[in-house]
Every structure is written in C-alpha cells, then in structure tokens.
Amino acid sequence: MAANINMEKIVSLCKRRGFVFPSSEIYGGLGSCWDYGPMGVELKRNVRDAWWKAIVQERDDVVGIDSSIMMHPDVWKASGHIDSFTDPLVECKRCHSRFRLDEIAGSTRKLLHSLDKPISWFSSSGDQLFVQGLTIDAPSSAITLKQAELTSSGRLNQSLSKEILLEAVKPASKKYPLFVGSQLYPGGKGYVVGFKVVEGRLGASIKLVFDDIHGIFEPVEIVVDFANMQVTQTVPKHYCPSCGGELTEPRMFNLMFKTFMGPVEEEASTVYLRPETAQGMFVNFENVVTTTRKKLPLGIAQIGKSFRNEITPGNFIFRTREFEHMELEYFVKPGTDEAWFDYWVKERFEWYIKLGMKKENLRLCQHGKDELAHYAKDCYDIEYLFPMGWSELEGIANRSDYDLTQHAKHSGKDLSYFDGESGERYIPYVIEPSAGVDRTVLALLIDAYSEEEVEGEKRAVLHLQPSLAPMKVAVLPLSRNEKLAPLSKEVYKQLCPNFMTCYDDSQSIGRRYRRQDEIGTPFCVTIDFESLEDNQATIRDRDSLAQIRVPVEELERTLRAKLNGEPFEKTPLWATRQK
RNA sequence: GCGGGAGUAACUCAGUGGUAGAGUUCCUGCCUUCCAAGCAGGGUGUCGCGGGUUCGAAUCCCGUCUCCCGCUCCA
C-alpha cells in the first residue's frame with residue numbers, strides 16, 4: 001500500500017463513483033452495512049467470477065454448490081458454533097476494555113507457574129525492599145508490573161502504583177542476583193524483584209500484580225506483609241490485561257444471528273443465519289460424492305453470504321456483520337492432508353498475485369497453536385497491508401476430519417468414504433481455503449488506486465486488471481457535435497453486447513478520460529471527425545495513455561486482444577498529431 | 001457496551017446569535033475541443049432529529065439518533 005493512501009480516500013471514491021454506499025443512507029445509515037453501487041457490483045461480481053473460474057471451472061477435482069443460508073439448528077450444534085461462537089465476555093471496570101474470558105484465563109498460561117517454595121524471604125535495607133524466590137516460567141524478555149497498591153496502612157510511596165516496566169537482564173552474579181530500582185532479574189532458577197521504597201516501614205503490606213506485557217500469561221498477585229514478615233501469592237480471578245483493573249462478571253454473547261422459522265414467533269423454531277458457508281458443503285458431502293461419481297481428492301466450493309454478530313465491526317467493508325464468503329472444502333485422504341494443505345496455501349497466495357495485487361502488500365502468516373479455531377489442526381492467513389495495518393484476506397485451515405465426524409455423530413449418518421483404489425473406508429480430512437469477497441474487493445481497490453501526474457495535472461486512477469474492471473470500454477465522441485453522434489452510438493451498440501461498455505458525451509474529452517480512469521476503465525474508444533471519413537476510431541489505454549487507431553469493424557477484435565493482455569504501443573498518438 | 005471524534009450541497013469542508021457559503025463535482029449552451037481547457041449560464045440544502053432560550057439559532061442549552069475510530073473479532 002502506498003503511504004499516501006488512506007481509507008477516507010477510498011471511501012470517498014467509492015461513494016462518488018458508485019462503488020459502495022452506506023446502507024439505508026437516507027435513514028442515516030445502518031452500522032457496518034454497506035450497499036454496492038453500479039460500479040461496485042461489477043467489481044464484486046468480477047472477483048467472484050475470478051475465484052469461481054480458478055477454483056471450479058479450471059479444475060476437474062472441484063465442483064460448486066449453493067446451499068441455503070438457514071440450516072437445521074443441529075448443524076450448528078454439531079459444528080461447534082453454538083458453543084464456540086458463544087463467547088463469554090468480560091469488561092474492565094476501570095478502562096472499559098472488553099475481552100473474551102477464555103483469552104484471559106482459559107487459554108493463557110500462568111506467569112508464575114510455580115514457586116519453588118512459598119516466597120518466604122525478603123529483606124529490607126536502607127531504602128530498598130526486596131522480594132526473592134519467584135520462579136517465573138516466562139520465555140519473553142519483559143514482563144510488566146501492572147499494579148502495586150497498599151493493602152493496609154503504611155507509608156510506601158504512591159509512585160509504586162504506576163506501571164513499571166520490568167526487564168529481565170543478566171544478573172551481575174549468579175550467587176547474589178542483584179536488583180536495582182524496580183527491575184526484575186533472572187537469578188539462576190528464579191527471579192528477584194527489588195523495589196525502591198522511598199518511605200516505608202514495617203506495618204504496611206503491599207500487593208503486587210505481575211503480568212506479561214504480551215498478555216500471554218495469567219497475572220499473578222503477590223502480597224508482601226511487612227508486619228508479619230510474610231509473602232503470599234495468589235492467582236487473582238481476572239485482571240484487565242491492558243490496565244490491570246478489575247473485570248466484570250462474564251456475559252454471554254452469541255456471534256450467530258438468530259431468527260425464527262414460522263410466522264408466529266412463540267411457536268416457531270429458532271434458526272440461525274449461517275456464520276460460514278462451510279457447513280453447507282459438509283452436510284452435502286455425501287450428495288455430491290454420489291451424484292458426481294467423483295473420487296477423492298474432491299473439493300466442494302461455494303460463494304455466498306454469511307452473518308456474524310461481530311462485537312465491533314469496522315474499517316469500511318473490511319469487517320461487516322453481513323459479508324460474503326468464498327469457501328472451498330477440499331476433501332482428502334488422511335495422511336495426505338499436510339501436503340494438500342501446503343499446496344492450497346501456495347495456490348491461494350498466488351491467486352491474489354494473479355489478480356494483480358502487489359506482492360509486497362501480501363504476506364502469509366501461520367497461526368500459533370493458541371490461536372487455532374476449535375476445528376483447526378493448522379491454519380495460515382493470507383494478509384494484506386491495509387491502511388489500518390496487516391489484516392486477513394483469507395484463512396486456509398486444515399480442519400482434519402472434525403466436521404464430517406461431528407456431523408456423522410450428530411446425524412447418525414455414516415459419512416465415511418469408500419476408497420475404491422485401496423479398498424479402505426475412512427473419514428476424509430478437509431483443507432479449507434476461506435476467503436472474504438468484500439475484503440478482497442477492498443484490497444483490490446486500495447492496491448489499484450494511485451494518484452499520478454499527467455502534464456502537470458493530477459489524476460486519480462484505478463489500475464485494476466482488465467478482467468476486474470467494472471467497465472471494460474467507454475465510448476466517447478470527441479464532442480457532443482451532432483455529426484459525431486450516429487457513428488458513436490453505432491460503435492457503442494456494436495461493443496456493448498461483448499463488453500461492459502459505457503457511453504459518455506458530456507463535457508470535455510479530457511474530463512471524461514479522467515472519469516474513466518477513476519473507475520478503472522482500461523480502454524476508451526474515441527470517435528473524432530476524422531472517423532467520419534476514414535471509419536476508424538481511437539483506442540486509448542488507461543495505464544500508458546497511449547492511443548492506437550483502428551478501423552471500426554476491427555474494434556471488437558482489437559479490444560478483446562488488449563483486454564486479454566496484448567501489449568499497447570507506447571506512443572501517445574494525440575501528442576504527435578497535435579504538434 | 002465503554003471511550004474518543006463527527007453529523008452543513010454529490011464530495012471535501014468553512015461558517016461562535018443577524019439573508020446558508022467556498023472549492024471540486026454535476027447539468028445546460030457555445031466551440032472540428034484528444035487528457036479535469038475556455039467562455040456563458042444553471043442546480044442542489046428539512047444545517048442529523050426533537051425540544052428549549054432569544055426579536056432572531058447552523059451557531060447557545062437539554063434530550064435523542066446515526067456514523068466513524070479504538071477496545072473486541074477474524075473472512
């Protein structure tokens with residue numbers, strides 16, 4: 001992404017040129033919902049088509065389906081979405097940050113996973129206070145003291161209550177680990193923490209809360225009781241990872257949209273809007289296998305809307321509650337899954353480059369074991385450098401045999417596959433590349449957008465690959481002079497059955513070129529007065545501004561060749577003709 | 001939900017109590033006009049909504065709605 005591109009520019013362009021509008025705008029808009037306009041719908045359709053072509057059309061091992069958005073409620077029980085899409089959330093009472101409870105507690109590791117022995121020793125000399133004996137199992141080089149507060153009367157300096165960064169550095173000596181100020185040192189096996197006490201005396205006790213700055217480790221609370229010369233350690237229930245504050249009781253949130261099937265709400269059964277299209281492929285696995293007579297490896301692909309009641313959507317069309325998925329479930333023999341996983345990671349990454357995205361704006365990112373979804377054995381993200389930072393375009397997951405096994409269990413149907421070649425029967429593994437259409441559209445817009453100088457004037461242009469451009473050709477009479485209209489209209493009529501073509505005769509020719517640049521139209525066909533005599537028209541190339549002149553009857557063939565990537569000659573014709 | 005920001009023309013925004021503005025865009029006309037040309041015209045607004053204060057409110061007060069950003073999440 002170029003440095004001068006921000007989201008506002010893209011949002012503004014989308015609004016002005018008819019790519020994306022806020023949903024229900026005359027009513028003030030609806031949060032996180034967006035409508036695609038005349039240009040946007042073409043671009044989006046082209047993205048879908050490109051995916052479908054690469055995944056279904058050009059492969060003999062993948063077929064498509066289109067399953068319904070509402071599915072049997074038991075599907076979501078089997079898939080695990082009822083459980084894992086229902087996240088208990090807690091909120092910090094102090095800074096009001098919100099977290100998933102399992103992120104803070106369940107999946108985190110203990111910062112002080114063990115104490116060799118209860119902390120039983122401390123000394124105080126001069127103006128320093130030392131606590132010794134903490135054994136910290138922390139690979140990270142820095143942890144933070146999140147909180148230090150007096151818990152009984154005393155005169156420890158208040159400055160201890162502000163956040164202090166504790167850095168692990170080498171001890172000066174193994175025998176006598178040193179401590180200075182508020183730094184934490186690894187002392188052989190354990191750690192020693194020392195605090196500078198400005199005003200302290202026996203009779204006070206102090207509570208310390210330690211936390212890893214990366215938020216990976218569970219916070220630990222240590223109370224040093226000076227009166228009784230005791231140090232006690234407790235693992236507090238939960239503290240806010242960002243400020244160390246107290247958290248509220250967890251509340252349940254279900255990320256799935258719920259609705260009712262049947263006209264009377266009370267009597268109707270609850271159904272969910274699908275949060276992914278994948279389950280449609282799993283529940284139809286057997287249907288597809290038997291009707292297509294395909295053998296494994298076999299992929300089932302689908303493009304369609306999904307719905308997630310995200311706590312916080314945002315970043316334009318990047319995260320919305322209603323969005324469009326392009327998902328492939330690729331069923332393979334267990335044991336071959338890892339090779340196929342690698343294959344699809346590579347294949348999918350290449351796809352974005354083939355769409356014309358700049359390679360430096362794309363990267364692969366492997367999920368850590370901790371971040372894996374409930375069904376995943378391994379997962380890679382394809383990320384794009386959006387204005388707000390690297391964010392995910394697509395996830396490629398090895399879902400193992402999780403889904404088919406779950407559905408077999410819940411439905412009572414045998415979903416194993418009989419491999420005629422080896423004579424074995426097994427539950428296939430699944431590799432799932434799952435991409436977001438809207439995100440891809442956004443990334444393409446950002447990637448294609450550029451501001452350039454032409455003859456000292458600025459122009460905004462979308463360098464979209466021709467296959468993606470909403471309009472392929474614009475027919476532009478040089479002026480609105482009535483003599484030019486008949487031939488121009490004739491050319492338009494000739495081209496529009498073949499390409500998405502628009503016609504524009506308002507205002508100056510230069511202005512119209514700029515308009516087309518801004519929506520990414522690759523070619524403009526200009527009819528001038530000479531055309532009336534020689535029956536030739538000019539084709540102007542969006543990227544190079546070069547022009548060529550071809551007979552009207554050759555336009556369709558030439559445009560088709562250029563749209564398919566035939567190179568354009570470089571001399572700007574108008575420049576040589578004018579002077 | 002919490003915090004911050006913002007709602008005025010299609011877009012970007014100015015306008016701190018006195019006739020609602022600018023630039024861009026858009027439209028029409030003229031011009032044998034090739035990269036946002038020129039000239040001449042033109043259009044646009046419940047100033048987010050509802051109350052209140054005031055002779056008078058885009059402006060001050062109260063309420064309310066919505067959007068954007070962050071937290072969160074992940075395609």
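Letters go in sequence order (proteins before strands), and every chain restarts at 1.
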Span that lies between the [atom1] atom of [M] and that of [N], in whole angstrom:
N	M	atom1	result
B:C61	B:C71	P	32 Å
B:G18	B:G56	P	14 Å
B:C60	B:A36	C1'	43 Å
B:U24	B:A14	C1'	14 Å
B:C13	B:C73	P	32 Å
B:C49	B:C11	P	16 Å
B:A6	B:U16	P	15 Å
B:U53	B:A10	C1'	36 Å

Can you find a side chain N or O atom of [X] that sits less than 4.0 Å from OP1 or OP2 on [N]?
X	N	value
A:Gln507	B:C27	yes
A:Arg480	B:U28	yes
A:Arg515	B:C35	no
A:Arg512	B:C34	no
A:Arg511	B:A37	yes
A:Gln547	B:C34	no

When we call it a touch if two heavy atoms are under 4.0 Å apart, what does [X] touch: a base, just sugar-phosphate, or nothing?
X	result
A:Ser434	sugar-phosphate
A:Leu393	sugar-phosphate
A:Thr440	nothing
A:Phe316	sugar-phosphate
A:Glu394	sugar-phosphate
A:Thr320	base

Only pairs with both distances under 3.5 Å count, Watson-Crick or wobble alike; so what is the partner of [N] in this structure?
N	value
B:G56	none
B:G38	B:C30
B:C71	B:G1
B:C49	B:G63

Can you list everything that forms a side chain to side chain contact (heavy atoms under 4.5 Å, CB included) with [X]? Sequence neighbours excluded, please.
X	answer
A:Lys489	A:Tyr503
A:Val75	A:Met71, A:His72, A:Gln279, A:Val283, A:His407
A:Val332	A:Pro297, A:Tyr330, A:Thr336, A:Asp337, A:Trp340, A:Tyr429

Which residue lies toward the 5' end of RNA chain B, A:Glu533 or A:Gly510, if each is placed at its nearest nucleotide?
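That would be A:Glu533.
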
With RNA chain B as reference, determine whether A:Val437 or A:Glu518 sits nearer its 5' end, using the nearest nucleotide of each.
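So the residue in question is A:Glu518.
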
Would you mind reading off the distance between [X] atom [atom1] and [N] atom [atom2], rounded to a whole angstrom?
X	N	atom1	atom2	value
A:Lys483	B:U32	NZ	C1'	8 Å
A:Trp390	B:A75	CH2	P	18 Å
A:Glu327	B:C74	CD	P	14 Å
A:Arg459	B:C35	CZ	P	13 Å
A:Phe386	B:A75	CZ	P	14 Å
A:Leu478	B:U32	CG	P	11 Å
A:Glu452	B:A36	CD	P	14 Å
A:Ile396	B:A75	CD1	P	11 Å

Do we count A:Phe323 as stacking onto B:A75 if the rule is ring centres under 5.5 Å and planes under 30°?
yes

Taking the six-membered ring for Trp, are A:Phe282 and A:Phe331 parallel (under 30°), tilted (30 to 60°) or perpendicular (over 60°)?
perpendicular

Applying side-chain hydrogen bond (donor to acceptor under 3.5 Å, both in side chains), name anything that partners A:Asp49, two or more places apart in sequence or on another chain.
none

By side-chain hydrogen bond (donor to acceptor under 3.5 Å, both in side chains) - contacts of A:Gln516 (at least two apart):
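Only A:Thr521 meet the side-chain hydrogen bond (donor to acceptor under 3.5 Å, both in side chains) criterion with A:Gln516.
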
Measure from the side-chain heavy atoms of A:Ser508 and tell me the nearest of B:C34, B:C74, B:A37.
B:A37

Checking contacts here: which listed nucleotide (B:C74, B:C35, B:C34) is nearest the side-chain heavy atoms of A:Arg319?
B:C74

For nucleotides 9-13 of chain B, which of its nitrogen or oxygen atoms have a protein nitrogen or oxygen under 3.5 Å away, and what is each distance?
unit_1, atom_1, unit_2, atom_2, d
B:A10, O3', A:Lys15, NZ, 3.4
B:C11, OP1, A:Lys15, NZ, 2.4
B:C11, O2', A:Ser12, OG, 3.3

Looking at CD1 of A:Ile509 and CG of A:Leu476, how far apart are the two atoms once the value is rounded to the nearest 0.5 Å?
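Here the interatomic distance stands at 4.5 Å.
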
Give a yes or no on whether a donor-acceptor pair under 3.5 Å exists between the nucleobase atoms of B:C35, that is its base, and the side chain of A:Arg540.
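When only heavy-atom distances are counted, A:Arg540 does reach the base of B:C35 through a donor-acceptor pair under 3.5 Å.
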
Identified salt bridge (Lys or Arg N to Asp or Glu O under 4.0 Å) counterpart of A:Asp517 within the set A:Arg542, A:Arg17, A:Arg540, A:Arg511
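Exactly one pass, corresponding to A:Arg540.
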
Steps toward side chain to side chain contact (heavy atoms under 4.5 Å, CB included) verdict (A:Leu464, A:Asn46)
CA-CA 11 Å; A:Leu464 287 171; A:Asn46 293 337; over 6 Å; no

If you take all heavy atoms of A:Phe386 and A:Arg439, which pair is closest and at what distance?
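Nearest pair, atom of A:Phe386 first, then A:Arg439: CZ-O, 3.8 Å.
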
Using ring centroids (six-membered ring only for Trp), state whether A:Phe523 and A:Phe499 fall under 6.0 Å.
no

